[in-house]
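Since we're looking at a predicted model, the values are computed, not measured.
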Amino acid sequence: MSILAPNSQILYREIYNRENQHLFLNSGGNLNIVKSYGFCFVDKRRGDWKKKIKREFRIHASWADLSRPAAVEMQPIESSEQLDQILDSAKELSQPIIIDWMAAWCRKCIYLKPKLEKLAAEFDTKLKFYYVDVNKVPQTLVKRGNISKMPTIQLWKDGEMKAEVIGGHKAWLVIEEVREMIKNFI
């Protein structure tokens, strides 16, 4: 059995491009149309030129969940008294909080913040996310968090720091570690 094509690379490129066509709609969702074209197989041993053609259409549609936010803006903590109030209200609700200790000059901190805000949207009803800019707060607050490196993401529960992730590596790895930390305490 053989495939009739002037060049196998051209055949592969044509089939690959046709199979991977995507149509994106502007109405908040997307529609993926995958269309696979058939091959023309010729059996030279039999002497007859029978063609086998296969066509298949698969359509996948997904719509954005507009009832949930895509990102939740983290609230700033600017003093020790404000941290005490937040910890007291979280203790009453028996709800943990996440604090991102960051600095305005830290590139990794700035890059990580929007990713943490997207993660906050996933756990919107279960816990709250806050951030502390260590250059804009009193050093007593920074010492209270026992911060030595930035970014540091801490989980506080019942008024105590329970776990932390120090984010000096790739942002997606940090987010996965924070997600695992949250799942351990929820």
Side-chain angles (χ1 to χ4, degrees), residues 20 22-32 59-186:
N20 292 320
H22 296 288
L23 174 65
F24 294 99
L25 302 176
N26 291 330
S27 61
N30 65 9
L31 177 66
N32 298 332
I59 298 175
H60 305 281
S62 61
W63 301 102
D65 185 9
L66 299 176
S67 64
R68 296 179 53 143
V72 174
E73 187 174 345
M74 295 192 300
Q75 300 298 316
I77 297 176
E78 297 171 348
S79 67
S80 294
E81 295 79 24
Q82 185 183 8
L83 177 62
D84 290 333
Q85 291 172 355
I86 291 169
L87 290 174
D88 288 340
S89 66
K91 197 179 217 182
E92 288 175 13
L93 298 171
S94 67
Q95 189 178 56
I97 64 168
I98 297 288
I99 301 176
D100 176 23
W101 300 83
M102 50 91 65
W105 51 263
C106 173
R107 285 189 318 165
K108 289 185 179 182
C109 302
I110 293 167
Y111 184 71
L112 190 62
K113 189 177 176 193
K115 295 182 181 329
L116 284 170
E117 289 175 343
K118 285 183 181 181
L119 185 66
E122 287 182 35
F123 297 101
D124 189 30
T125 59
K126 296 177 183 170
L127 67 146
K128 300 277 185 196
F129 281 67
Y130 298 93
Y131 74 95
V132 177
D133 188 344
V134 297
N135 292 334
K136 294 182 179 178
V137 298
Q139 288 303 306
T140 55
L141 178 61
V142 177
K143 288 178 184 175
R144 185 172 173 187
N146 197 19
I147 303 303
S148 60
K149 296 179 182 177
M150 289 175 283
T152 299
I153 298 99
Q154 295 179 336
L155 186 136
W156 291 64
K157 187 173 183 178
D158 299 327
E160 298 177 355
M161 196 270 294
K162 299 290 185 180
E164 72 179 357
V165 173
I166 297 174
H169 44 286
K170 303 252 186 237
W172 66 271
L173 288 172
V174 173
I175 295 300
E176 288 304 316
E177 288 178 13
V178 171
R179 184 177 281 122
E180 288 299 317
M181 179 175 68
I182 291 169
K183 287 180 181 178
N184 288 338
F185 284 95
I186 289 185

Between I186 and P96, which heavy-atom pair has the shortest distance, and what is it? CG1-CG, 4.4 Å

Please examine the side chains of R144 and D84, heavy atoms only from C-beta on, and report whether any two atoms are closer than 4.5 Å. yes

In terms of heavy-atom contacts, K91 and D158 come closest through CE-O, 3.6 Å

Please tell me if the side chains of L141 and L83 come closer than 4.5 Å, counting only heavy atoms from C-beta onward. yes

Do the non-hydrogen side-chain atoms of I97 and L87 ever get within less than 4.5 Å of each other? yes

Counting only heavy atoms not in E73, do more than 12 sit closer than 6.0 Å to its CD atom? no

Minimum heavy-atom distance between A163 and M161, given as atom pair plus value: O-SD, 3.5 Å

For a 4.5 angstrom cut-off between non-hydrogen side-chain atoms, does M74 reach L116? yes

If you round to the nearest 0.5 Å, how far is CD of E78 from CD of E81? 12.0 Å

Donor-acceptor under 3.5 Å (E176 side chain, W172 main chain): no

Which side chain to side chain donor-acceptor pair (under 3.5 Å) pairs, counting each pair once, include a residue from residues 97-125, with sequence neighbours left out? W101-Q154, E122-R179

Roughly how far, to the nearest 0.5 Å, is the CD1 atom of I147 from the OG1 atom of T152? 4.5 Å

Heavy-atom pair of closest approach, residues A121 and A70: CB-O, 3.5 Å

Of I182, L112, I99, which is the lone residue that meets side chain to side chain contact (heavy atoms under 4.5 Å, CB included) with I153? L112

Answer yes or no: is there a donor N or O on one side and an acceptor on the other, between the side chain of S89 and the main chain of I86, under 3.5 Å? yes

Using residues 127-138 as the side-chain source, report each donor-acceptor pair under 3.5 Å to any protein atom, sequence neighbours left out, with the distance given to one decimal.
unit_1	atom_1	unit_2	atom_2	d
D133	OD1	N135	N	3.4

Crowded around K162 NZ? As in, over 12 foreign heavy atoms under 6.0 Å? yes

